[in-house]
Amino acid sequence: MARARIDEHTGRDAVRAVLDGTAERTDLAMAVRYLLQALAEASPGRSVEVRVPPFGAVQAVDGPRHTRGTPPNVVELDAETFVAIATGSLVWGEAASAGRVHASGARSDLSGLFPLQY
């Protein structure tokens, strides 16, 4: 069963709370899920798995489809880093250089997809 779509009002409110420093854990979780949803919509596909534990994961980026086992292209980052990159308050390259982005696979450089339009 597909996940329920997060409406823009709810998602943007959660992102705003995270960015202004007033977010609770539930706001952070909602912001991450909303931005993951935006990422999957902006770059549909199944060649890269983007993980933001413990809040969510999506498959995105057009290309060879992954079906079993460990995906060949994986990006994993913590929630705060993901929100910062997705909203443009942190640049992908800076986060990667600082060890805040864990990426593997030939298609795992997602720098061209950020910041997201949400």
Shortest non-hydrogen contact from [X] to [Y]?
| X | Y | value |
| --- | --- | --- |
| Y118 | V15 | OH-CG1, 3.5 Å |
| V61 | S47 | O-OG, 2.8 Å |
| A23 | L28 | CB-N, 4.5 Å |
| G56 | L36 | C-CD1, 3.6 Å |
| F55 | R33 | O-NE, 2.9 Å |
| A60 | A40 | CB-CA, 4.4 Å |

With clusters defined by side-chain heavy atoms of hydrophobic residues (ILVMFWY) lying less than 4.5 Å apart, directly or transitively, does V48 cluster with L113?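 Same hydrophobic cluster.
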Cluster link L90 to L19, ILVMFWY, side chain under 4.5 Å: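 In one cluster with L90: L19, yes.
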Would you say E24 has more than 12 foreign heavy atoms packed within less than 6.0 Å of its CD?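 It does not: E24 CD has 12 such atoms or fewer within range.
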Give, for atom [atom1] of [X] and atom [atom2] of [Y], the distance between the pair rounded to the nearest 0.5 Å.
| X | Y | atom1 | atom2 | answer |
| --- | --- | --- | --- | --- |
| D27 | R16 | CG | CZ | 11.5 Å |
| S108 | E49 | OG | CD | 12.5 Å |
| R100 | L77 | CZ | CG | 9.5 Å |

Quick one: does [X]'s side chain get under 4.5 Å of [Y]'s, heavy atoms only?
| X | Y | answer |
| --- | --- | --- |
| V50 | L39 | yes |
| T87 | P115 | no |
| I6 | M30 | yes |
| I85 | V91 | no |

Using atom types as modelled and distance alone, determine if a side-chain donor or acceptor of N73 lies under 3.5 Å from a backbone N or O of A106.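 A pair under 3.5 Å: yes.
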With F114, which residues qualify under ring pair (Phe, Tyr, Trp, His ring centres under 6.0 Å), at least two apart?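 If we apply the ring pair (Phe, Tyr, Trp, His ring centres under 6.0 Å) test to F114, skipping adjacent residues, the hits are W92.
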Tell me, with the steps shown, if R51 and V74 meet side chain to side chain contact (heavy atoms under 4.5 Å, CB included). CA-CA 8 Å; R51 301 173 182 167; V74 176; 3.8 Å; yes
May I ask you to check whether T10 and D13 show a side-chain donor-acceptor distance below 3.5 Å?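 T10 vs D13: no donor-acceptor pair found between side chains.
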